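It should be emphasised that the depicted structure is a prediction, and the values quoted were computed from it without experimental measurement. Quick note on labels: first sequence line is chain A, next is B, and so on, each numbered from 1.
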There are 4 protein chains.
Amino acid sequence: MTDQSVSSSPAVDSAGVRKARIREERRQAILDAAIPLFAANGFSDTGISEIAQAAGMSHGTVFLYFRNKEALFFSAVVEPLRDMERAFSFEETEGRPLQRLQQVIANHVRFVAHHRDYLRLVQYVLGHYERFQDSATEVLAQTERYGESLVALIRDGQRAGQLVPGDAHATALAYLGYINGIGLVVDVRGNQESPIWDAMAGLGLRLFGPTNMSDGTK
Amino acid sequence: MTDQSVSSSPAVDSAGVRKARIREERRQAILDAAIPLFAANGFSDTGISEIAQAAGMSHGTVFLYFRNKEALFFSAVVEPLRDMERAFSFEETEGRPLQRLQQVIANHVRFVAHHRDYLRLVQYVLGHYERFQDSATEVLAQTERYGESLVALIRDGQRAGQLVPGDAHATALAYLGYINGIGLVVDVRGNQESPIWDAMAGLGLRLFGPTNMSDGTK
Amino acid sequence: MTDQSVSSSPAVDSAGVRKARIREERRQAILDAAIPLFAANGFSDTGISEIAQAAGMSHGTVFLYFRNKEALFFSAVVEPLRDMERAFSFEETEGRPLQRLQQVIANHVRFVAHHRDYLRLVQYVLGHYERFQDSATEVLAQTERYGESLVALIRDGQRAGQLVPGDAHATALAYLGYINGIGLVVDVRGNQESPIWDAMAGLGLRLFGPTNMSDGTK
Amino acid sequence: MTDQSVSSSPAVDSAGVRKARIREERRQAILDAAIPLFAANGFSDTGISEIAQAAGMSHGTVFLYFRNKEALFFSAVVEPLRDMERAFSFEETEGRPLQRLQQVIANHVRFVAHHRDYLRLVQYVLGHYERFQDSATEVLAQTERYGESLVALIRDGQRAGQLVPGDAHATALAYLGYINGIGLVVDVRGNQESPIWDAMAGLGLRLFGPTNMSDGTK
DNA sequence: TATGAATGAGAATTCATTCAT
DNA sequence: GATGAATGAATTCTCATTCAT
């Protein structure tokens, strides 16, 4: 409709593109406001008005961006999964299996330390999977994919003699539990940069059974 | 009608006692009904009527046993902590530190496997500690106590050379996270007696850094 | 549960029966309050609170008697149909066909004059049959039954030579339209006992084509 | 803005005129879209956006043509009254009173058959006259005028011996009720050209008491 | 002029809590 | 003690209306 030829000059973008961008920004503002609130208070004890206020708009406006509260909650849970997946990526790690594992764990723990709200939200969903089936399904699917990659890496490590032999699936599951669990117990008021997180990363490695134990103690 | 004024004759006394016992039973029935419901649906999405129905009484009756919904929730979260503490007791374990640790873990994992509802509830409370401060405080206090015992045991093990040296507090924290986490990730439909729980117990031991690694692989 | 032996003495009825009766009365009070309001303002412009207030209760109470607003509306429209059917009954008329017809019309007009609110409500439903399908279906079914009886009576009259020959179905339809229509046009502030209603009854007879015209002019 | 003071030069005039005509067309488009919607769903259940969409414009635009929803509704009800009046005109009828009456009825019934939406809307207004006083007043005024003409014609017919003597006002009222009523009861899915309408016209004549009954049976 | 994003009043519905029976 | 009817605060969602673009 509006001419967008080769346009990359902001002036020409104007009409359509600008509008779309603003719209996307507001949408994101709502999600950003919603996540910590849902995380802290759960679904039913978080009011749409509360979210709207936190996002700096009227409650009516929220409904211009999300069909209803359920849809907003779903988006708040599911959309960050993409970023999460990227943060947990195995692709960017390098070196021998054990070293790669250490990098993966470090990334993972860093994510846990920096996104406690979101993690809380995810745990809330998993803890109430009957009630939030749609969201839980998505989360579990992602967990599944992550687990698969992890299993492969564990087997590499076991073959390379860097990890003790054993059921890789069980090990991966134990590790996933560990990662989820430390988010719950590490003092919530703890600083994101607290050395406790490094310790958690180091201890987490032990679950995989590194043959050279000194690696696991840092 | 319910006058027991003269009471001291065993017959009358037992009337009073029986009444108290019945009362206690009904109270407990409410809590037993409430725990899985609160665990599955959270505080606000669990109705008093729902609980009452599950406990086989009218919703009005619930208020004869609990001042209000908050008080009921608090009791549902806090009262089982006593049993939990008993289940996690270090007193009944015996042998050398590592063996005692293995028994502790086994007890712990067994509890997790058998009380998923209650564990979910506790995690829910911890995940929303701002909202459920009273309950969360109690839970954390108990965790603290448990942690202290654990730290002592870890130090024993380290001194005995059965565990690698290291920060016992961090280790205890990591382990607590692990225990909480596996409850979240192990397939919820999983059987209580599933061998997965044994595997989780075995892997959990690794967090403590047993010097003889074969112990950790079961 | 409670003993109701032969009981017919009000004292014994007590518990169960009394409660049921009170419940029925309150339910009816809501309907009685709802009908004129729905009639005057339509479905969406009649608030539950408005109805509740008119019925002398809190709006929350209305929902103890009706699942939701739709259900209340449905009951308000459909339940009086029974009484209406009784009022229009052909059974109690007697004499030759023309005389019976006159009685039927008189009953009918009397009902229209005395239940303008309800009639308005029914017309509202018929006028918005797409939106109120359930209610409209019931109303039409009742109209259908009434029409059948009317057709039979018309044919009797025609056979007896008291009515001119003609399509009895069309005649019945015309009459039903007439009855509905006069409720709309006769001055709404008009008294229920106004002679205008007698005139309407007399003129209505003309639709049936009485052979002795003097009958139709009263 | 729409000032055309100087206007007399055809060029300028035609520009202004065209603009005015376009404006008028859009306005009419809105009304045309609004009538069936208001008729089917009533005032409150018809959204401005719905009307705007049906008229092929944005809801914001509707407010450029009508001050608010009430004003739009009023126009939708009142403006077609002019056309209606023309359709019901007595002026164009000819012949002796009875024949003129037959033409009037035929016109009337034809209008009812062809403008069911609008008729529904008018009936909706009359049925809720307290709520739509302005509109209802206009409708009633028009009905009044129509009634007067009808009364005159009835009296002519009575004087000419073509109609039985009687209260002409009551007769007119009965007829108006009839016309309104048949719109409600004749099967709404019925075709506009259905012979049922001819039958209704024929039967309607009977209300006036034609002395030669054969006229009334068609 | 036309658009559609933003607002906020209003309405239905739920549910903890009270209280008469 | 036990019940469940009644209450009304609180919450989600809709939609007429305004206004910047």
Choose from [options] the nucleotide whose nearest atom is closest to any side-chain atom of [X].
X	options	answer
B/K69	E/dT1, F/dA16, E/dT17	E/dT17
A/H59	E/dA5, E/dT13, F/dC13	F/dC13
A/L64	E/dA5, F/dC13, E/dA12	E/dA5

>> With a 4.5 Å cut-off on side-chain heavy atoms, are C/V139 and C/Y129 touching?
In response: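 Result no, sub-4.5 Å side-chain heavy-atom pair not found.
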Just how far, in rounded Å, is [atom2] of [N] from [atom1] of [X]?
X	N	atom1	atom2	answer
C/F73	E/dA11	CZ	P	18 Å
B/N41	E/dT14	CG	P	17 Å
C/D45	E/dG10	CG	C1'	12 Å
A/I51	F/dC13	CD1	P	11 Å
B/F66	E/dT17	CZ	P	13 Å
C/F43	E/dG10	CZ	P	19 Å
C/K19	F/dG4	NZ	C1'	7 Å
B/F63	E/dT18	CZ	P	7 Å

Once you apply a heavy-atom cut-off of 4.0 Å, does [X] come out as touching a base, just sugar-phosphate, or nothing?
X	result
B/I48	sugar-phosphate
A/G47	sugar-phosphate
D/R67	nothing

> Between D/F132 and D/Y124, what is the ring plane arrangement, given parallel below 30°, perpendicular above 60°, and tilted in between?
Replying inline: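 Correct class here is tilted.
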>> Can you work out whether B/N68 or C/N68 has the more 5'-proximal nearest nucleotide on DNA chain E?
In response: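 Per heavy-atom nearest nucleotide, the more 5' residue is C/N68.
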>> By nearest heavy atom, map D/S58 and A/S58 onto DNA chain E; which one lands nearer the 5' end?
In response: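 Checking each residue's closest nucleotide, the 5'-ward one belongs to D/S58.
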>> Pairing check on E/dA20: which nucleotide meets the Watson-Crick or G-U wobble criteria with it, both distances under 3.5 Å?
In response: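 Its partner is F/dT3.
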Can you find a side chain N or O atom of [X] that sits less than 4.0 Å from OP1 or OP2 on [N]?
X	N	value
B/R23	F/dG1	yes
A/Y65	E/dA6	yes
D/T61	E/dT3	yes
B/R26	F/dG1	no

> Only one of D/Q28, D/R23, D/R21 clears side-chain hydrogen bond (donor to acceptor under 3.5 Å, both in side chains) with D/E25; which?
Replying inline: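 Result for side-chain hydrogen bond (donor to acceptor under 3.5 Å, both in side chains) with D/E25: D/R21.
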>> Please compare A/S44 and C/G60 by the position of their nearest nucleotide in DNA chain F and report the one closer to 5'.
In response: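 Going by which nucleotide is closer to the 5' end, it is C/G60.
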>> On DNA chain F, does the nearest nucleotide to C/M57 precede the nearest nucleotide to A/S49 from the 5' side, or the other way round? Give the residue.
In response: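 Looking at the nearest nucleotide for each, C/M57 comes out on the 5' side.
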>> Closer than 3.5 angstrom, by distance alone: can the side chain of B/Y118 be matched with the main-chain N or O of B/V77 as a donor-acceptor pair?
In response: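 Yes, B/Y118 side chain to B/V77 backbone: donor-acceptor pair under 3.5 Å.
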> Are the side chain of A/S44 and the backbone of B/D45 linked by a donor-acceptor contact shorter than 3.5 Å?
Replying inline: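 It does not hold such a pair.
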> Are there more than 12 heavy atoms of other residues, nucleotides or ligands under 6.0 Å from atom CD of B/E24?
Replying inline: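 Yes.
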